[in-house]
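Reviewing the structure listed below.
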Amino acid sequence: MARRSASFPLGILGRYKIILLLIFAVALFHIGFVYLFKTPSHLKARRPEDVTSFSDVRVPVGYNESSLPVRAAFATVVRNSDLHELRAAIRQLEDRFNNRYHYPYVFLSDEPFTDEFKEAVAWTAKSKVSFGLIPRDHWELPSWIDRQKMRDGMAYLTSKEVIHSESINYRQMTRYYSGFFYKHPLLANYEYYWRIEHDTEYTCDIPYDPFLYMKERGIHYGYTISLHEFEDTVKSLWGVVQDYLKTRPTALQPQNTMDWVTNNGGQSYNLCHFWTNFEVVNLGLLRSPQYEDFFQHVDKAGGIFYERWGDAPIRSIAMTMFLRKEQVHWFEDIGYSHSAFQNCPSDPEVQMRCHCNPSSSIHRNDFSCTRQWNQLPASY
Ligand SMILES: Nc1nc2c(ncn2[C@@H]2O[C@H](COP(=O)(O)OP(=O)(O)OP(=O)(O)O)[C@@H](O)[C@H]2O)c(=O)[nH]1
Ligand SMILES: *[C@@H]1O[C@H](CO)[C@@H](O)[C@H](O)[C@H]1NC(C)=O
């Protein structure tokens, strides 16, 4: 009897064992289902406020940054959607130059980079790569910008069929390049930066170190392509520059190169600028009080949003105010192409290590300002 009554509950359990197992299986299935099909973390990444806590740095095994000849990095502001074109540009840069140096890369964006982006970029770059978020207050449309005035300016540019006429993003990006990117913590330790961009090609081997070349010669700014800006996008920029120079009589470097940006002794802007999607820059210059003061003055005028002033004319005018001719260098031998324009070396010996047509180099065309740059008198 005792045995039977003792086995009674077991008997019940025995009878319901299959049901219990089924319930357990269904529960497990549900947990698995939720886990498998929940939004992947890279798609729902929330944007944290503290930028330093949201950077992702990946360093290859054995990588030693302090053994590099110059504290320098490649950097770009880029979107997740530019991944594949960006990888193509990095691949050419690695093959043509960086596989012998391993300078690090810094990627910045106003949106969190996806895991797919970071993974694919790290595979291509084969160097230290850092991914960082842009602090909100360095990116957001400033509250003091007159929205109606901005919309009117946009409509005007659209009527003139100017590219990026209505894009606020584009304006935020050019403002960020003009006055903010070099303040990002991920760039804090670098002395020079080389701007890279998706949708660009590096068409020649670069058998030497451009960073070291600049550092050894005291060059602060390096470019490959110069162009004339669309006049409709900079209508009031020159007036703001004149204001700046009037109120800061000592700002101008005595041996400046402003003759490159004006054809009439400073009355008006001739639209010449360095094409900043490629630029190698001494970041110390951009972090200097005089560059900051100039940027603040230009930014306050609001033309970045009202007229779509680009970072190229803003940067270029600043460089001509602050630098002597010898402190700026045209990298004639760096084959580089972006959208409709390219720099392609004609020196036959250099040409041998390129895949570009030298007769298509933009410096031969009047749309370029490089000939005028070369014709500036030496400062000594
Ligand atoms: N993260 C981020 N990057 C942006 C944004 N807008 C532009 N960029 C980046 O800024 C760079 C230039 O922007 P594009 O829209 O490609 O401009 P583009 O037509 O090449 O401009 P040009 O060089 O003037 O011809 C690219 O690397 C873009 O990925 C943005 O809203 N967010
Ligand atoms: C990295 O390189 C520097 C400079 O060449 C050297 O002093 C240092 O010992 C290296 N560090 C490692 C961990 O190899």
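Owing to the predicted nature of the structure, the values given are computational and were not obtained by experimental measurement. In each ligand, atom 1 is the first atom listed, and ligand 1 is the first ligand listed.
Proximity of atom 11 (N) of ligand 2 to the protein is indicated by at least one non-hydrogen atom lying closer than 4.0 angstrom.
Nearest-residue assignment for atom 26 (C) of ligand 1 (options His338, His198, His164; heavy-atom criterion): His198. Nearest-residue assignment for atom 11 (C) of ligand 1 (options Gln172, Glu229, Glu197; heavy-atom criterion): Glu197. Nearest-heavy-atom check against atom 24 (O) of ligand 1 across Phe278, Tyr170, Phe113 picks out Tyr170.
In terms of protein heavy-atom proximity, atom 8 (C) of ligand 2 is nearest to Asn64 ND2, 3.8 Å. What sits closest to atom 15 (O) of ligand 1 on the protein, heavy atoms only, is Arg79 NH2, 3.5 Å. Closest to atom 32 (N) of ligand 1 among all protein heavy atoms lies Asp110 OD1, 2.7 Å. Scanning the protein for heavy atoms near atom 8 (N) of ligand 1, the closest one is Met173 CG, 3.7 Å. For atom 1 (N) of ligand 1, the nearest protein heavy atom (residue, atom name, distance) is Ser109 OG, 2.8 Å.
Residue Phe341 places every heavy atom at 4.0 Å or more from ligand 1.
Residue Asp82 has at least one heavy-atom neighbour below 4.0 Å for each of these atoms of ligand 1: 28 (C), 29 (O). Of all atoms in ligand 1, listed by their number and element, those nearer than 4.0 Å to a heavy atom of Asn277 are 23 (O). Near Ser66, the atoms of ligand 2 lying under 4.0 angstrom from a non-hydrogen atom of the residue are 1 (C), 2 (O), 3 (C), 4 (C). Heavy-atom proximity to Ser67, at under 4.0 Å, picks out these atoms of ligand 2: 2 (O), 5 (O). Near Val78, meaning under 4.0 Å from any of its heavy atoms, are these atoms of ligand 1: 1 (N), 2 (C), 3 (N), 29 (O). Those atoms of ligand 1 with a heavy atom of Asn169 less than 4.0 angstrom away are 31 (O).
Only the side chain of Trp139 comes within contact range of ligand 1, with a heavy atom under 4.0 Å; no backbone atom does. Within the 4.0 Å heavy-atom criterion, both parts of Val77, backbone and side chain, lie near ligand 1.
Cation-pi contact between Arg175 and Phe180: absent, since separation from the ring centre below 6.0 Å together with deviation from the ring axis within 45° is not met. A cation-pi arrangement, defined by a distance under 6.0 Å to the six-membered ring centre and an angle within 45 degrees of its axis, is present between Lys149 and Tyr306.
Rounding to the nearest 0.5 Å places CZ of Arg371 at 9.0 Å from CG of Asn365. Within the model, atoms CZ of Phe107 and CG of Asp82 stand 12.0 Å from one another, a figure rounded to the nearest 0.5 Å. Between the NE2 atom of His273 and the CD atom of Glu229 there is a distance of 4.5 Å, given to the nearest 0.5 Å.
Taking every heavy atom of both residues into account, Thr174 and Trp309 meet most closely at OG1-O, 3.6 Å.
Between Arg287 and Glu292 there is no salt bridge, since no side-chain N of the basic residue sits under 4.0 Å from a carboxylate O of the acidic one.
The only member of Lys325, Gln253, Glu326 that meets side-chain hydrogen bond (donor to acceptor under 3.5 Å, both in side chains) when paired with Ser379 is Glu326. When each of Tyr213, Tyr221, Tyr223 is paired with His329, the side chain to side chain contact (heavy atoms under 4.5 Å, CB included) condition holds for Tyr213 and for no other.
Between Cys344 and Cys204, the sulfur-to-sulfur (SG-SG) separation does not fall under 2.5 Å.
Ring geometry, Phe181 versus Tyr193: the interplanar angle falls from 30° to 60°, so the pair is classed tilted.
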